[in-house]
Peer 1: 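Got a structure for you, questions after.
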There are 2 protein chains.
Amino acid sequence: MKCRRCRGPAVIEVRRHNAGFCGSCFLRHCREQVRRAIEDHRMIAEGERVLVAVSGGKDSLALWDILEALGYEADGLYLGLGIGEYSPSSAAHTRAFARRRAGRLVEIDLPTDLGFDIPTGSRAANRVPCSACGLSKRHLFNQAATEGGYDVVATGHNLDDEAAVLLGNVLRWNTEYLGRQLPVLPAGNGFVRKVKPLVRLGEREMAAYCVLRGIDYIVEECPMAEGNRHLGYKEALNAIEERSPGAKAAFYSEFLDKAAHLFAPGAAAARADLRSCGQCGAATPGEVCAFCRLRARAGASS
Amino acid sequence: MKCRRCRGPAVIEVRRHNAGFCGSCFLRHCREQVRRAIEDHRMIAEGERVLVAVSGGKDSLALWDILEALGYEADGLYLGLGIGEYSPSSAAHTRAFARRRAGRLVEIDLPTDLGFDIPTGSRAANRVPCSACGLSKRHLFNQAATEGGYDVVATGHNLDDEAAVLLGNVLRWNTEYLGRQLPVLPAGNGFVRKVKPLVRLGEREMAAYCVLRGIDYIVEECPMAEGNRHLGYKEALNAIEERSPGAKAAFYSEFLDKAAHLFAPGAAAARADLRSCGQCGAATPGEVCAFCRLRARAGASS
């Protein structure tokens, strides 16, 4: 197979595009996909300051790398979750990357700075770990972005992630979530704008990008995510993609084109019902936001 | 495990209900599910004449059996598709069932009565066999019901079928199909009402029903369906169901409850654009309906 761009020998095949790329054209292809996602969905305007949520994994480190390559002013934010061997290792990968690129890295450590870790917090709040972790990340990324004067938070959700979340939302017809499963969540209600610039790139492409760029990411998945539903949805979509290459990308992009707007009114109604958390001021449907409740329960049990 | 109803020994387990049933309570359970589907969706009114589309497979024979057990006046309609060994065998199973029950069976044979078979027709029309077959069935079932003075056509689509079709429609966000993927399609535009009374019962339950009732159905799948996308969607949903029993039923029923109405306007707009086929008078978006085009092409090539 030849490189689609320069006709040299291809080293990476992207089956859904029915195309191969040589190493340097593949890197250009990835950056081009991110550029197009940012442009099509108006994710980041010129001169805006971006805070990239980095975990030490392939997606978030590649995202940071690509945003810098595209000329954006992007700092990293790493959140220490206090998960066994996994957190120190992911922190080490993140710091090594930041050092090599001389990128500015903001760090928040849940155990040191907030007094709890994800394993304790999720047990205390009787939530599955991925749920406790997700809500902590959303809360703290937003807080750090607001306090640091950033215009936008960028996360490394790739096409595989978004398609799997979409499948989960569709399987339960969670119309409120469907109404806000967009590559850009606009600012409002005390939330900084959130964007997902990797939605045009798959998991395999992100891994290949890191290998070609010499980015040493943490390969292990978080041990607490093992066997969760999200991974089951990814497997189901992979089986479908295997039979029909391109099915996953079509599932996500056709959703944005043809269906997302149908669910928007429901999501807007839910947003209109938000008020301010009595403790931290964040927008929440209840009296106290889920993060403050999690923190209180985790503190009480530790 | 004990029978949920009579507390005798259970012989059939229905995992999504987390329940077991003895043989006779299981038969009652199946009939009850059909009764509820008919009632909830107002499928068949008292005194209406029902034409059941029977293929010789477990679903359609069980449906015919259950409708009779529930007291409906139901005749069977069998369509000979001219598919190798499969068609004669499925016809034999259907006739044997009808004879034993003394049910009235109407038969249409594509090769004899219409001059083409599915393998030839699909090749000539350049359609995948399942597509040529589906459109022929829809056309001829409706025609036979109209001519025979039936109020409603009942098909044996079960929960697994409907969930797989729904997944296929969702993966492509085919909003027009999503808007009419309902357990009842009302009469109109020259179409007789169409109903799917088995939507509350899964594939495994239908097979067990037939075994317990001594219904000798054709076990082989149609050889032309092998490897089609629909079977891939079934496998994907089965993998999800394995991890989360009940996921498949929730996917379908929550669609009806929470999302189907969002797609209704698009389907209604497509319906409004229909006109009469210049050859047979059936409602169609084009000049000549897909069935007449298929028949013409198949005739020309044979």
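Residue numbers start from 1 in every chain, and the chains themselves are labelled A, B, ... in the order their sequence lines are given, proteins ahead of strands.
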Peer 1: Please determine whether the number of non-hydrogen atoms from other residues, nucleotides or ligands lying under 6.0 Å from atom CG of Asn18(A) exceeds 12.
Peer 2: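 Atom CG in Asn18(A) is not packed in, count stays at 12 or less.
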Peer 1: Does a side-chain heavy-atom distance below 4.5 Å link Leu171(A) with Leu237(B)?
Peer 2: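 The answer is yes; the side chains approach within 4.5 Å.
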Peer 1: More than 12 heavy atoms of other residues, nucleotides or ligands under 6.0 Å from OH of Tyr177(B): yes or no?
Peer 2: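 Not more than 12 within 6.0 Å, no.
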Peer 1: Are Glu176(B) and Lys258(A) close enough for a salt bridge, meaning some N to O gap below 4.0 Å?
Peer 2: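 Result for this pair is no, no salt bridge flagged.
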Peer 1: So which heavy atom on Arg172(A) is nearest to which on Glu254(B), and how close?
Peer 2: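 So the minimum-distance heavy-atom pair works out to O-OE1, 3.7 Å.
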Peer 1: Checking heavy atoms, do the side chain of Glu242(B), its backbone, both or neither come under 4.5 Å from chain A?
Peer 2: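 Interface part for Glu242(B): neither.
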Peer 1: Do Val170(A) and Leu167(B) make a side-chain contact, defined as non-hydrogen atoms from C-beta onward lying under 4.5 Å apart?
Peer 2: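 They are not in side-chain contact.
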Peer 1: For Ser244(A) versus Arg229(B), what's the shortest heavy-atom pair and its separation?
Peer 2: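 Looks like OG-NE, 3.6 Å.
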Peer 1: Kindly assign one of parallel, tilted or perpendicular to the pair Phe255(B) and Trp173(A), based on the angle between their ring planes and the thresholds 30° and 60°.
Peer 2: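 Plane angle between 30° and 60°, so tilted.
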Peer 1: In terms of heavy-atom proximity below 4.5 Å to chain B, should Tyr252(A) be classed as side chain, backbone, both, or neither?
Peer 2: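 For Tyr252(A), neither part sits under 4.5 Å from chain B.
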Peer 1: Rounded to the nearest 0.5 Å, how far apart are CG of Asn228(A) and CZ of Arg243(B)?
Peer 2: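 Answer rounded to 0.5 Å: 8.0 Å.
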